[in-house]
A.B. asks: 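Right, I'll just put the structure down here and ask away after.
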Amino acid sequence: MKASAPLSVTTDTGGRRWPEPPAESVMVEIRDLGLSYGARPVLKGVNLAVPRGQTVAIIGPSGSGKTTLLRCVNYLARPTEGEIWVGGTLVGQRETHGKLEPAPECILRTHRTVTGMVFQQFNLFRNLTVLQNVTFAPIHANGRDRASAEEKARSLIARVGLSHKLDAYPSQLSGGQQQRVAIARALAMDPKVMLFDEATSALDPELAREVLVVMRELSEEGMTMLVVTHEMSFARNVAHQIVFMEEGRILQIAAPEELFSEDAHPRIKTFLAH
Amino acid sequence: MNANALLQPLSMYAWGIGNALFLLVASAVISTVLALVLTFADIYGPRSLSRGIRVYSWLAQTTPPLILLFLVFYGFTSNGITLSPMNSALIAFIAFATAYNFEIFRASFDGVPKDQFEAARALGIPLSQTLTRIVFPQMLPIAIGPYVGRATVLLKETSLASAISVSEIMNVTGGQIYAGGNPLLLIGIAGGIYIVLNLGLIAIESRMSRRVATTHANAPVKG
């Protein structure tokens, strides 16, 4: 399976060789991922492949490592072992003389622009208006000119239904509105993958619904998405695959119809029964 | 009573007020810059540097300003370096004002929610942009009250510089009393001057607070 690397191995002094990238059709591939805080393992040997355009829901009990797994994808959390591939890029690593090396912060930044992340607490920039929140990263991280960044931002904000709030500050918006702005902000960077970290957990059911509608549309338009969620109906109706995690491991990966059926792992059936 | 007898003390008071304000503004500006440097050195520098900053801050805050003032003034002159009273006062004031401002800025930095950094990192925004355009603007509304509060204390503390014969407000007042003026009246005048100047500072503070509040709309985030 492992093809020979194009680089000479005579200079190899123990560093790991550049691994084989995943197939073109795979947008996110997680290989043998492990993360420990000191002696406490949080993730253990996680493997997951997300095909282009698919939505994967990650469910499981609190403390099972769902959020940590998601945060590893954009290296907000640094895995202690394993690989993360996003859109053909090995995240958090760089190649020096054919060997793997942890990437410095400036390279990590470019890796992170490939993924868009939506947080549980929205995390909008509090001192900026809705429009400024959405244009900030394109202008200050990607060096886009203000006019084109604003044009794009306006259309994204319109898409999440908030054109009338362009000049509002985050504190003047409801939680659902803030989360929709946060989605527009992430989309403004043209990410290949969207990561949702319990994006609706801080919202009441009504506000959660308006966010879920946007998420569903995105999924249907073919965005590749990893969604950590407690919204079982979203997982069931929107996701292509569901990942069930427990104690830092993936217990089962299955299509929704399988996971919500009698054939599911007994532990999952108990979890879903509540 | 001739005009000269009235004009001369007036011009001396003007001189005294000028010196006090110079001491205040110069030490406030320089200590603010230094305190900001210390704040970010404390946060992003090595741990040993942080420890050094803490020790300095602790020493500068716990030493009475008057002792610091004497230390600078007599310290330099006894080592053969001539330093004017005003320059000595400036150094001493900067030394302790920097420590107080550092503590204010450090606390304001901690007041900016950590999720702001996280969002910026996830978007691939360089740290320099995050600090200057996201974090610093959010530190301002938190810092402004304590900062101006500290500045009013600093203004009152400029009176200590009279002890090393900087001709600020209290030094001028002392001179007038020595020359035979009514002590109670003169001290009352000096007190009045400090009150008026500090009211000005407080007025500036409330205006700035209001401006920052309306532009940033920094109310707590609704759920």
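A, B, ... follow the sequence lines: proteins, then strands. Residue 1 opens every chain. What you see is a predicted model, and the numbers here were worked out from it, not measured in a lab.
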A.B. asks: Just checking, is any N or O donor in the side chain of A:E151 or A:S155 under 3.5 Å from an acceptor N or O on the other one?
C.D. replies: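 Checked: A:E151/A:S155 side chains show no N/O donor-acceptor pair below 3.5 Å.
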
A.B. asks: For A:R71, is it the side chain, the backbone, both or neither that has a heavy atom under 4.5 Å from a heavy atom of chain B?
C.D. replies: side chain

A.B. asks: Counting only heavy atoms closer than 4.5 Å, note whether A:L195 contacts chain B via side chain, backbone, both or neither.
C.D. replies: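 No part of A:L195 comes within 4.5 Å of chain B.
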
A.B. asks: Against chain B, label A:F119 side chain, backbone, both or neither, depending on which of its atoms sit under 4.5 Å from a heavy atom there.
C.D. replies: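 Side chain of A:F119 only, per the 4.5 Å heavy-atom cut-off to chain B.
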
A.B. asks: Would you call A:D190-A:K152 a salt bridge at under 4.0 Å N-O?
C.D. replies: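 Yes, A:D190 and A:K152 are salt-bridged.
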
A.B. asks: In terms of heavy-atom pairs under 4.5 Å, which option from A:H140, A:Q179, A:M117 contacts chain B the most?
C.D. replies: A:H140

A.B. asks: Check whether B:T98 reaches the backbone of B:A95 with its side chain - one donor and one acceptor, N or O, closer than 3.5 Å.
C.D. replies: no

A.B. asks: Would you say the rings of B:F93 and B:F96 are close, in the sense that their centroids are separated by under 6.0 Å?
C.D. replies: yes

